[in-house]
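For ligands, and for the atoms within them, numbers begin at 1 and follow the listed sequence. Source: prediction; values computed, not measured. FYI, side chains are in, hydrogens and waters are out, and symmetry mates aren't considered; it's all heavy atoms of this structure.
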Amino acid sequence: MRRLLRFWREYARRYRRYYLLGVIALIATNVLTVAIPSFVQHAVDALAEGSDAMGWVWALAITGLGVMGVRTLSRTLFFNPGRTVEFRVKVGMFEHLLELPKLFYDRLTVGDIISRGTNDANAMRALIGYGTLQLFNVALTLTLTLGRMIQLDWALTLICLPPLILAALIMRHAVLSMFGLFGQAQAQLSRLSARILESYHGVGVVQAYGAEAGVLARFDEENDQLYALSERLLWIRAWLLPVVGGVGQACVVLLLYFGGARVIAGELSVGLLTAFIVYIQILVPGLTSLGFLIGAAQRGYIGLGRIYEVLDAPLERPEAEAAAPQGGGAPRLEVEDLHFSYPARAAGVKSAHPEGSPQRDTSDALPAQDRGGEGFGLKGLRFKAEGQVLGIFGLTGAGKSTLLDLLARVYDPPPNTVRLNGVDVRALPLNDYWRAVAYVPQSAFLFSQSARANIALGADEIDEARLAAAIEDAALEDLEGLSEGLDTIIGERGVTLSGGQRQRAALARAYYRDFDLLLLDDVMSAVDTHTERRLIEALYRRAKGQTVVLVSHRISALAEADHIIVLHEGAQIDEGSHAALISREGPYREAWRLQRLSQALG
Ligand code: ATP
């Protein structure tokens with residue numbers, strides 16, 4: 001209930017005038033509808049007496065037209081705010097999603113997020129449009145019709161009550177069964193969407209490995225579960241409508257039996273009995289609408305909960321106010337006693353924040369024994385870099401990308417473990433920090449826009465000289481040879497670039513920006529040795545007066561670094577210059593030997 005009140009306050013209340021006018025239109029609809037059986041009554045009685053019934057027929061026709069008009073008006077007034085609210089909620093979700101930290105995305109699949117923004121948003125719209133309309137409509141229909149029936153003949157009304165109460169009890173049972181099923185069906189739809197998206201993304205791999213049958217089997221499995229849930233829901237609705245309809249017919253039978261006897265005894269007019277039968281025809285659809293209303297309300301309520309899970313997911317960044325420290329020269333990066341573990345994977349959004357803390361402190365979020373325990377963890381890293389190129393070497397899975405994600409604040413490091421010019425990075429406003437840092441992650445992401453816009457990402461106006469310098473230093477001239485040069489659309493809906501081109505485009509993107517700290521994660525892994533040489537020379541030229549952290553598997557890329565850290569299973573096991581590291585046994589020297597050997601073999 002609190003969720004609904006909050007939703008009303010935040011989104012729907014501003015449309016209260018629409019709802020008020022809608023309710024007035026609904027009252028008019030129901031008052032006119034309730035008048036119709038009375039006209040039928042008078043028309044039948046007039047016919048029974050052999051007098052002219054045309055006046056009542058005209059009254060019926062005009063009232064019918066009036067009902068049409070006000071009903072349409074009420075629907076417009078209730079449905080329009082629904083669309084606007086849906087728009088606002090979807091925009092709000094998108095804006096919030098753009099700001100959420102990566103930890104959030106580690107826990108929800110893209111399919112699930114899309115499902116919340118589409119299926120759940122539709123359910124929410126149905127709740128505030130159709131649901132609210134039906135809420136007032138059903139309440140008015142039931143009270144006005146029953147009120148009028150009691151006013152006309154309370155004894156005859158009493159006869160109809162037992163079947164109507166029975167119908168209400170059946171409805172309650174059905175509604176309770178449906179509630180759980182709706183929740184399961186919506187969650188299952190999310191899983192299915194995620195599965196489908198994953199298959200589309202990996203379609204090339206699926207085909208290359210002939211894995212279609214396996215993918216189809218997994219799709220079928222999820223689909224069958226959704227089908228089974230939908231079938232159970234449909235089954236409940238399928239028996240609910242005829243049962244409620246049957247109850248209505250039972251009322252008619254009782255009315256004919258008891259009312260008919262009173263007509264024969266001359267205590268009741270035929271017209272009044274006919275009017276009662278018409279009232280039942282109004283009441284029963286009202287009860288059925290109640291069923292649909294409760295269904296829509298349940299789906300909407302669950303959908304709203306799932307939408308609020310996204311909207312309420314904390315940004316988890318402390319509101320830092322410290323200004324970026326002015327070092328006057330190359331920034332000083334200090335890492336001290338840096339421990340980090342990934343929180344255990346969980347199914348829902350809520351569990352992404354194990355202790356419900358509004359601020360993310362990934363180290364505190366984990367039990368102490370987990371640090372450096374069974375799962376992967378960075379274990380007490382400690383190093384400095386100032387105006388130099390710091391190399392990070394490690395075998396696969398050593399924790400290099402995790403370290404860079406922490407330095408770039410993709411994940412916030414624990415307090416006071418990473419400092420820039422002596423200030424804990426957590427104390428720096430995130431946007432300022434990100435402006436000062438250029439980060440090229442291991443897998444480059446390109447948007448489906450021109451190569452030019454990809455490189456100058458986020459810039460209002462493109463500085464051509466700067467763009468040309470970035471392209472030159474990232475050895476990206478081959479993009480100029482594309483059909484429309486740098487204006488060629490690349491990425492998902494455009495030309496697909498090679499792995500090496502993607503890496504270099506991401507590197508050019510970093511070079512295009514102003515930065516103090518450059519973080520490069522294995523950006524030369526997909527280039528030939530000649531291009532690697534060019535890239536290294538340009539990097540060292542650009543690195544003058546900057547601080548660069550360069551992660552690489554390739555010793556050739558690290559050999560000129562001022563200082564190199566060797567990581568192994570999250571721990572810093574060695575450090576020194578290239579010359580020092582190749583002079584002693586260890587993974588660095590081993591890799592250097594193997595890479596020299598493979599170079600010599602051609
Ligand atoms: P590579 O050279 O292969 O890129 P790396 O040294 O960069 O490896 P990381 O990507 O930092 O290694 O991964 C270190 C460990 O952390 C791995 O065991 C990996 O499974 C784990 N890991 C990485 N990302 C996550 C995540 N989002 N959630 C949980 N565990 C993760």
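- Using a 4.0 Å cut-off between heavy atoms, Asp106 contacts ligand 1 through its side chain alone, with no backbone atom that close.
- For the side-chain hydrogen bond (donor to acceptor under 3.5 Å, both in side chains) with His563, the lone residue among Lys384, Glu575, Gln388 that qualifies is Glu575.
- Between Tyr105 and ligand 1 there is no heavy-atom distance shorter than 4.0 Å.
- Remark: ligand 1 and Lys400 share an N or O pair separated by less than 3.5 Å (distance only, no angle test).
- Residue His553 places at least one N or O, backbone or side chain, under 3.5 Å from an N or O of ligand 1.
- Listed by atom number, the atoms of ligand 1 under 4.0 Å from Thr402 heavy atoms are 9 (P), 11 (O), 13 (O), 14 (C).
- Under a 4.0 Å N-O distance rule, the pair Asp473/Arg541 qualifies as a salt bridge.
- Atoms CZ and CD, from Arg191 and Glu221 in turn, are 11.0 Å apart once rounded to the nearest 0.5 Å.
- Every atom of ligand 1 is numbered from 1 in the order shown, and the set under 4.0 Å from a heavy atom of Tyr411 is 27 (N).
- Within the structure, the closest approach of Gly394 to ligand 1 does not fall below 4.0 Å when heavy atoms are considered.
- In this pair, Tyr11 and Tyr308 present their aromatic rings tilted. The plane angle is within the 30 to 60° band.
- Of the residues His553, Gln442, Gln503, the one that meets the side-chain hydrogen bond (donor to acceptor under 3.5 Å, both in side chains) test with Ser525 is Gln503.
- Every atom of ligand 1 with a heavy atom of Ser401 under 4.0 Å away is listed here by number and element: 4 (O), 5 (P), 7 (O), 10 (O), 11 (O).
- Atoms of ligand 1 lying under 4.0 Å from at least one heavy atom of Gln442, given by number and element, are 4 (O).
- To the nearest 0.5 angstrom, Glu222 atom CD is 5.5 Å from Gln225 atom CD.
- The cationic group of Arg409 lies under 6.0 Å from the six-membered ring centre of Tyr433 and within 45° of the ring axis, placing it in a cation-pi geometry.
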